[in-house]
**Q** 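The structure's right below; bear with me while I get my questions together.
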Amino acid sequence: MSHSPDLSTRIINWFAENRRDLPWREPGFPAWGTLVSEFMLQQTPVARVIPRLAEWLERWPTPAALASVPSGEAVRAWANLGYPRRALWLHAAAVQITERHGGVVPHDVDDLLALTGVGDYTARAVAAFAYGHRHPVVDTNTRRVIARAVNGNAEPAPPSNARDLAAMESLLPTGSDDAHTFNAGMMELGAIVCTARSPRCDACPIADLCAWRLSGYPEYLGKRKAVQKKYEGSDRHVRGLIMAELRAAHVPVTTVEIETLWSDATQRDRALAGLVSDGLAVYEETGYVLP
DNA sequence: GAGCCGTGGCC
DNA sequence: TGGCCAAGGCT
């Protein structure tokens, strides 16, 4: 677990020169905007988030604004970002922020964790990036950089919160400003240099002390994260087709219309029942609508 | 803790 | 072409 004492400094200096100009890094970007962006960025690439985020914040500039509309409006505005439950959860979080915190996104990690849809990553990201508090922030990019540079592995082991947070804490600078920059810098390095498929070690500020590189890029032999199941023909596929129909429609979608979306009745019924169970679809007199 | 949950771009 | 991957979280 030994590392060069200036790994953190290198990352911080590299970040100052190489950071992308992203909306949530603009001065004065509101904490609410940070929270919304983090919800959207959960498993959705940056490039697809940026336009939806701008629309979202223009329409709902505060948690109270979002809380005041039906959750279905959030699901519709979520558009094709994927995993529409996140839109439902973000709406629920906005209601909770309005009711419990006077409409102000909380600073405290435990208060953030108590919000629907906010897990360990998002809670620490908001506390650190929106409010400047010193917390280790560990996402998939950070985990990969630590796995390679520190542990000498091509890939991180499956996420373990306690272990990953402890590893990041041991690297985190003492000062809150440096800690903030280091958290962001590790994520940025993993996102644009130390990437999953073809790392650009020639552009890496810590290449000369990267344990993985120094040991000759050994193949990863440890436990891997589960392989994603095929999307084509899956229940997720069918759910996606139904949700696209519900988002596009402004009148109830009839059962007959839903039948045209997927021929396998068993799978179709299962998908629809799942959406209803999740609260993403509601039956209303003549058909299904958004909540 | 494994499985599940959308969508699209990239090599 | 198609498998892999993307600022996770919930059950």
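Side-chain atoms are counted along with the backbone in the values below, which use heavy atoms only and exclude waters and symmetry mates. Worth saying up front: this structure is predicted, and the values here are computed from it rather than measured. Below, read A as the first sequence line, B as the second, and so on, with proteins coming before strands; counting in each chain starts at 1.
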**Q** Is A:Val137 touching bases, backbone alone, or none of the nucleic acid, heavy atoms closer than 4.0 Å?
**A**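 Nothing, no heavy atom under 4.0 Å.
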**Q** Of A:Thr116 and A:Arg20, whose closest DNA chain C nucleotide lies nearer the 5' terminus?
**A**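 That would be A:Arg20.
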**Q** Assign each of A:Pro158 and A:Tyr83 to its nearest nucleotide of DNA chain B by heavy atoms, then name whichever residue's nucleotide is nearer the 5' end.
**A**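 So the residue in question is A:Pro158.
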**Q** Would you kindly check whether a donor in the side chain of A:Arg239 faces an acceptor in the base of B:dG6, or vice versa, at under 3.5 angstrom?
**A**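 A donor-acceptor contact between them is absent.
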**Q** Among the candidates C:dC5, B:dC4, C:dA7, find the nucleotide nearest to the side-chain atoms of A:Gln228.
**A**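 Shortest atom-to-atom distance from the side chain points to C:dC5.
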**Q** What contact category does A:Leu22 fall into here, base, sugar-phosphate, or nothing, at under 4.0 angstrom with non-hydrogen atoms?
**A**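 Touches a base.
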**Q** Under 4.0 Å, heavy atoms only, any strand: does A:Pro159 hit a base, just the sugar-phosphate, or nothing?
**A**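 A:Pro159: no heavy atom of the nucleic acid under 4.0 Å.
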**Q** State whether A:Arg124 places a side-chain N or O below 4.0 Å from either non-bridging phosphate oxygen (OP1 or OP2) of C:dG8.
**A**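 No, A:Arg124 has no side-chain N/O under 4.0 Å of OP1/OP2 on C:dG8.
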**Q** What parts of residues 240-268 of chain A reach DNA chain B, counting only heavy atoms under 4.0 Å away?
**A**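 A:Gly240, A:Arg247 - these, ordered by number, are the residues of the stretch whose heavy atoms sit under 4.0 Å from the strand.
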**Q** Taking N and O atoms by type only, does the side chain of A:Gln43 place a donor or acceptor under 3.5 Å from a partner on the base of C:dC5?
**A**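 A donor-acceptor contact between them is absent.
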**Q** Without decimals, in angstroms, what is the distance between A:Arg48 CZ and C:dA7 P?
**A**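 Going from CZ in A:Arg48 over to P in C:dA7 covers 12 Å.
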**Q** Looking at B:dT7, I'd like to know if its phosphate oxygens (OP1 or OP2) sit under 4.0 Å from a side-chain N or O belonging to A:Asn80.
**A**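 So the side chain of A:Asn80 is outside the cut-off, no N or O lying under 4.0 Å from OP1 or OP2 of B:dT7.
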**Q** Answer with base, sugar-phosphate or nothing: what part of the nucleic acid does A:Gly82 contact at a heavy-atom distance below 4.0 Å?
**A**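 Result for A:Gly82 = base.
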**Q** Using the side-chain heavy atoms of A:Trp24, tell me which of these nucleotides is nearest: C:dC4, C:dA7, C:dA6.
**A**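 Shortest atom-to-atom distance from the side chain points to C:dA7.
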**Q** If you assign A:Pro45 and A:Gln42 each to the DNA chain C nucleotide with the nearest heavy atom, which residue ends up on the more 5' nucleotide?
**A**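 Nearer the 5' end of the strand: A:Pro45.
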**Q** Looking for any heavy atom pair under 4.0 Å, which part of the strands does A:Phe39 touch: base, sugar-phosphate only, or nothing?
**A**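 Touches nothing.
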**Q** OP1 or OP2 of B:dG6 sitting under 4.0 Å from any side-chain N/O of A:Thr44?
**A**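 Result: no.
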**Q** Would you jot down, in residue-number order, the residues of residues 185-203 of chain A having a non-hydrogen atom under 4.0 Å from DNA chain C?
**A**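 Contacting residues: A:Met187, A:Ala196, A:Arg197.
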